[in-house]
Amino acid sequence: MLRILHNTKIDFIRLRKQAAIFIAILILPAIPLILFSGFNYGIEFTGGTLLQVEFQEPPDVGEVRALLAENSVPGAEISTFGANALAIRAQESEAVEEQAAGAERVAARIRAALDGRYGAGSYRVLLSETVGPKVGSELRQQAAIAMLIAFGMTLLYLAWRFEWRFSVAAVLATLHDIVATLAFIKYMNLEVTLFVVGAVLTVIGYSMNDKV
């Protein structure tokens, strides 16, 4: 059996105070940040348009951003992935409100702008998603409810399963795992998508399994 570390003798109990201080320094500042500024929600939760396109030649991001602004798609977030691909997110409030009226106008406008500048055959669409503001708001609420239910049921089970003193420790440890995960998401400014929500629910499950 391959062992990376040998003869490890770490006195975790002796270091508990230092660990508690370190954790508090990391987690406590994140709580007001989360409460007052929230997270960086993705298209699914805010509403908007996501278009992933792959060009034949590496595109100029600045040129594409200026092109979209000239064609009534202001404030588009553009990021690169792969060698020649761009992810275009239109989450500007006016564009999102326009989608509430139906039709994939914003996506069509983006494609028309790219066709006019680069030609229809110069790129291919890898992904096109459009979410209205109402749907995004409902998804955000449902995701929050799902995490609260999962967390609440976890705490109830831990409180019932163990003696009160062990229950308190298990509940606090589970709470720590969830808050630490949310703090990491906030500090790294990660985009909160449905996949991230699934990851947080997985953390809750593994945390409970670890305590049991």
Side-chain angles (χ1 to χ4, degrees), residues 26 29-30 33-144 147 180-203:
L26 288 180
L33 289 176
I34 294 173
L35 293 177
F36 293 106
S37 62
F39 293 100
N40 176 27
Y41 291 106
I43 294 290
E44 303 98 321
F45 299 120
T46 62
T49 296
L50 170 62
L51 203 66
Q52 293 182 353
V53 293
E54 183 178 36
F55 289 81
Q56 294 179 355
E57 300 292 335
D60 185 295
V61 175
E63 183 181 53
V64 173
R65 184 177 291 108
L67 175 67
L68 296 181
E70 294 172 359
N71 287 268
S72 302
V73 189
E77 297 180 7
I78 303 176
S79 57
T80 60
F81 67 98
N84 303 329
L86 295 179
I88 303 172
R89 292 177 173 84
Q91 292 177 281
E92 199 270 339
S93 58
E94 293 183 3
V96 172
E97 288 300 325
E98 181 179 346
Q99 293 169 17
E104 297 184 355
R105 298 177 187 172
V106 178
R109 190 179 298 162
I110 293 174
R111 296 185 64 173
L114 295 177
D115 289 346
R117 173 64 179 83
Y118 301 103
S122 64
Y123 69 92
R124 65 188 182 97
V125 177
L126 303 178
L127 176 67
S128 179
E129 294 181 352
T130 299
V131 180
K134 182 177 179 180
V135 175
S137 177
E138 291 176 352
L139 282 175
R140 187 165 63 246
Q141 293 175 2
Q142 292 172 1
M147 287 192 292
T181 302
L182 296 178
F184 175 79
I185 293 173
K186 181 62 181 178
Y187 286 140
M188 299 301 294
N189 197 31
L190 299 179
E191 186 178 57
V192 178
T193 64
L194 291 176
F195 293 105
V196 173
V197 173
V200 173
L201 293 174
T202 302
V203 169

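Please read all numbers here as calculations on a predicted model, not as lab measurements.
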Practice task
Enumerate the residue pairs fulfilling salt bridge (charged side-chain N to carboxylate O under 4.0 Å, His left out) with a member in residues 192-202, sequence neighbours excluded, ordered by first and then second residue.
Solution key: none
Fill in the blank from the handout: Residues at least two apart in sequence or cross-chain that pass side-chain hydrogen bond (donor to acceptor under 3.5 Å, both in side chains) with D115, listed by chain then number, are Y123
Practice task
Could you walk me through whether I88 and T49 pass the side chain to side chain contact (heavy atoms under 4.5 Å, CB included) test, one step at a time?
Solution key: CA-CA 8 Å; I88 303 172; T49 296; over 6 Å; no
Practice task
Any side chain to side chain donor-acceptor pair (under 3.5 Å) involving residues 55-65? Give me the pairs, sequence neighbours left out, ordered by first then second residue.
Solution key: E63-R117, E63-Y118
Fill in the blank from the handout: Taking every heavy atom of Y187 against every heavy atom of P29, the minimum-distance pair comes out as OH-CB, 3.6 Å
Problem - K186 side chain to T181 backbone, donor-acceptor under 3.5 Å - result: no
Practice task
Could you tell me which residues satisfy side chain to side chain contact (heavy atoms under 4.5 Å, CB included) with L190, sequence neighbours excluded, listed by chain and number?
Solution key: F184, I185, M188
Exercise for the section: Quick one: closest heavy-atom pair of P59 and N84, and the distance? Expected result: CD-O, 3.8 Å
Exercise for the section: Report the residues that fulfil side chain to side chain contact (heavy atoms under 4.5 Å, CB included) with T202, sequence neighbours left out, ordered by chain and then residue number. Expected result: Y206
Handout entry: Side chain to side chain, L68 and I78, heavy atoms closer than 4.5 Å
Key = yes
Exercise for the section: Name all residues meeting the ring pair (Phe, Tyr, Trp, His ring centres under 6.0 Å) criterion together with F39; count only those two or more places apart in sequence or in a different chain, and write none if there are none. Expected result: none
Problem - Which atom of R89 lies closest to which atom of L50, heavy atoms considered - result: CG-CD1, 3.6 Å
Handout entry: Taking every non-hydrogen atom, the tightest pair across I34 and A183
Key = CD1-N, 4.3 Å
